Visitor: 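Got a structure for you, written out below as structure tokens; questions coming shortly.
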2 protein chains.
Amino acid sequence: MFITVEGIEGVGKSTNLAFIRSCLEAQGREVVMTREPGGTALGEEIREILLAHRHDGMAADAELLLMFAARAEHISRVITPALKRGAAVLCDRFTDATYAYQGGGRGIEARRIAVLEDWVQGTLRPDLTLLLDVSVETGLRRAGQRDVADRFEKEQQAFFERVRACYLQRAAREPGRFRIIDAARPLAEVQARIAGVLAQYGERRCDE
Amino acid sequence: MFITVEGIEGVGKSTNLAFIRSCLEAQGREVVMTREPGGTALGEEIREILLAHRHDGMAADAELLLMFAARAEHISRVITPALKRGAAVLCDRFTDATYAYQGGGRGIEARRIAVLEDWVQGTLRPDLTLLLDVSVETGLRRAGQRDVADRFEKEQQAFFERVRACYLQRAAREPGRFRIIDAARPLAEVQARIAGVLAQYGERRCDE
């Protein structure tokens with residue numbers, strides 16, 4: 001059971017990830033919560049490089065390869081071993097974020113990303129992806145309340161509009177895997193919806 | 001004019017790179033001397049990660065993607081701009097080293113490396129590659145005289161035998177691009193041979 005949570009800045013990923021974890025644990029599952037880019041010692045070093053202002057202007061291809069390098073390590077050390085022993089893996093962003101940020105945002109062609117996705121992941125894909133969705137205006141306003149804007153958060157509004165559009169497009173194309181959560185609603189409503197999705201998803205798996 | 005210098009540890013790359021630079025400059029060329037992994041601020045950070053003992057046991061795919069991330073930045077910032085303005089680029093290791101170390105050495109399939117080579121480089125390939133060749137025994141004995149063995153240098157002899165075999169195999173397959181230099185000979189002889197190769201190569205280019 002490989003669950004990913006996606007969305008632009010300010011959608012409330014951290015709060016809702018903690019909630020999802022609680023739901024899964026309440027179902028009696030071992031939960032491995034992790035994040036991308038990062039999730040391993042190497043991945044966290046790569047994450048630091050990716051977010052550092054000293055690398056503003058990094059070649060887009062280099063950025064993409066770094067993302068996938070972190071992902072390769074993450075899959076090898078964390079995700080695959082956890083899935084093999086039957087744990088639920090709950091991951092804060094995964095390859096959909098690469099399509100959204102590096103593809104939709106920075107303009108790398110989706111087919112070039114797909115080459116690396118296949119190269120690194122083989123057939124591994126998330127079973128369920130929760131897309132927390134708010135308007136860019138709302139997201140950026142919420143994210144702006146945090147102290148330090150990192151390299152990605154400082155990008156322009158138009159960039160995030162492209163990122164959001166790419167996420168929504170991917171969700172529309174893969175309705176079996178994606179659930180879109182309206183994260184502009186009050187937190188209690190958002191979490192009720194998430195709990196419903198997880199319960200439904202758990203039942204569907206039991207039926208299979 | 002894109003020239004790469006390859007070889008296992010201890011073949012005398014540093015000394016001979018300086019010599020090659022002098023030869024090219026004596027021909028009146030602007031020479032951009034660079035190295036892989038590295039050659040840019042980002043690349044040097046990646047190089048540090050690749051050589052650090054704290055990452056012993058890194059997933060082989062992650063290592064390969066880091067190499068190509070450094071290469072993408074290097075091509076974008078250094079190699080392509082230099083070639084475009086007509087400079088000679090002299091690079092201490094390039095993609096042949098990836099085939100030799102990650103392919104021959106660590107067992108990643110050549111066809112998987114080729115996917116990334118095409119993805120990152122498009123049609124860019126070196127015009128001339130000097131393979132400095134010595135036996136593994138000689139190379140390791142020479143390299144051992146240096147103070148600190150990095151992660152790659154601490155690998156076993158069998159590893160370097162596979163690396164060397166892969167280099168020689170690649171040279172045999174692409175005789176138009178490769179020149180094998182017997183680097184076990186006295187330095188004066190090695191450099192006379194290098195000077196001869198460069199002179200011949202310069203003439204060939206003038207004839208074209």
Side-chain angles (χ1 to χ4, degrees), chain A residues 36-81 95 98 102-103 106-124 151, chain B residues 36-81 95 98 102-103 106-124 151:
Chain A
E36 290 221 342
T40 63
L42 174 65
E44 293 295 333
E45 283 191 40
I46 293 173
R47 181 187 180 93
E48 195 279 322
I49 289 176
L50 285 167
L51 300 183
H53 290 297
R54 68 184 179 282
H55 296 305
D56 285 354
M58 180 189 302
D61 279 2
E63 182 178 293
L64 190 60
L65 289 158
L66 285 173
M67 289 278 177
F68 275 103
R71 184 161 298 142
E73 183 82 354
H74 194 205
I75 290 170
S76 164
R77 296 230 174 278
V78 178
I79 297 175
T80 301
T95 309
T98 307
Q102 279 70 48
R106 291 194 199 287
I108 292 188
E109 289 172 76
R111 64 172 184 81
R112 298 197 81 217
I113 298 173
V115 170
L116 298 184
E117 180 180 32
D118 291 343
W119 195 95
V120 168
Q121 295 172 219
T123 59
L124 177 71
R151 192 160 78 83
Chain B
E36 289 219 343
T40 63
L42 174 65
E44 293 295 333
E45 284 191 40
I46 293 174
R47 181 189 180 93
E48 196 279 321
I49 289 176
L50 285 166
L51 300 183
H53 290 297
R54 68 184 178 282
H55 296 305
D56 285 355
M58 181 190 300
D61 279 2
E63 181 177 293
L64 190 61
L65 289 158
L66 285 173
M67 289 278 178
F68 275 103
R71 183 162 298 141
E73 183 82 354
H74 194 205
I75 289 169
S76 164
R77 295 230 174 279
V78 177
I79 296 175
T80 300
T95 307
T98 307
Q102 278 70 48
R106 293 197 196 285
I108 292 189
E109 289 172 76
R111 64 173 183 81
R112 297 196 81 217
I113 298 174
V115 170
L116 298 184
E117 180 180 32
D118 290 343
W119 195 95
V120 169
Q121 294 172 220
T123 58
L124 177 71
R151 191 160 80 82

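Chain letters run A, B, ... following the sequence lines, proteins first, then strands; residues in each count from 1. Here the structure is a predicted model, which is why all the values come from computation and not from measurement. All heavy atoms count here, side chains included; hydrogens, waters and symmetry mates do not.
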Visitor: Applying side-chain hydrogen bond (donor to acceptor under 3.5 Å, both in side chains), can you list everything that pairs with B:T40, at least two apart in sequence or on another chain?
Guide: none

Visitor: With a 4.5 angstrom heavy-atom cut-off, is it the side chain or the backbone of B:L64 that approaches chain A, or both, or neither?
Guide: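 Only the side chain of B:L64 comes within 4.5 Å of chain A.
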
Visitor: Taking it one step at a time, do B:R54 and A:E45 satisfy side-chain contact (heavy atoms from CB on, under 4.5 Å)?
Guide: CA-CA 11 Å; B:R54 68 184 178 282; A:E45 283 191 40; 2.6 Å; yes

Visitor: Going through the checks in order, is the side-chain contact (heavy atoms from CB on, under 4.5 Å) test met by A:W119 and B:D61?
Guide: CA-CA 9 Å; A:W119 195 95; B:D61 279 2; 3.7 Å; yes

Visitor: B:R71 versus chain A, heavy atoms under 4.5 Å apart: side chain, backbone, both or neither?
Guide: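 Interface part for B:R71: neither.
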
Visitor: May I ask you to decide if A:A62's main-chain N or O and B:E73's side chain share a donor-acceptor pair within less than 3.5 Å?
Guide: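 The answer is no, because no donor-acceptor pair under 3.5 Å joins these two groups.
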
Visitor: Enter the distance from A:H55:NE2 to B:L42:CG here, rounded to the nearest 0.5 Å.
Guide: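 Answer rounded to 0.5 Å: 5.0 Å.
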
Visitor: I'd like to check A:I46 versus B:L66 (side-chain heavy atoms, cut-off strictly below 4.5 Å). Are they in contact?
Guide: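 The answer is yes, as the side chains (C-beta and beyond) meet within the 4.5 Å cut-off.
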
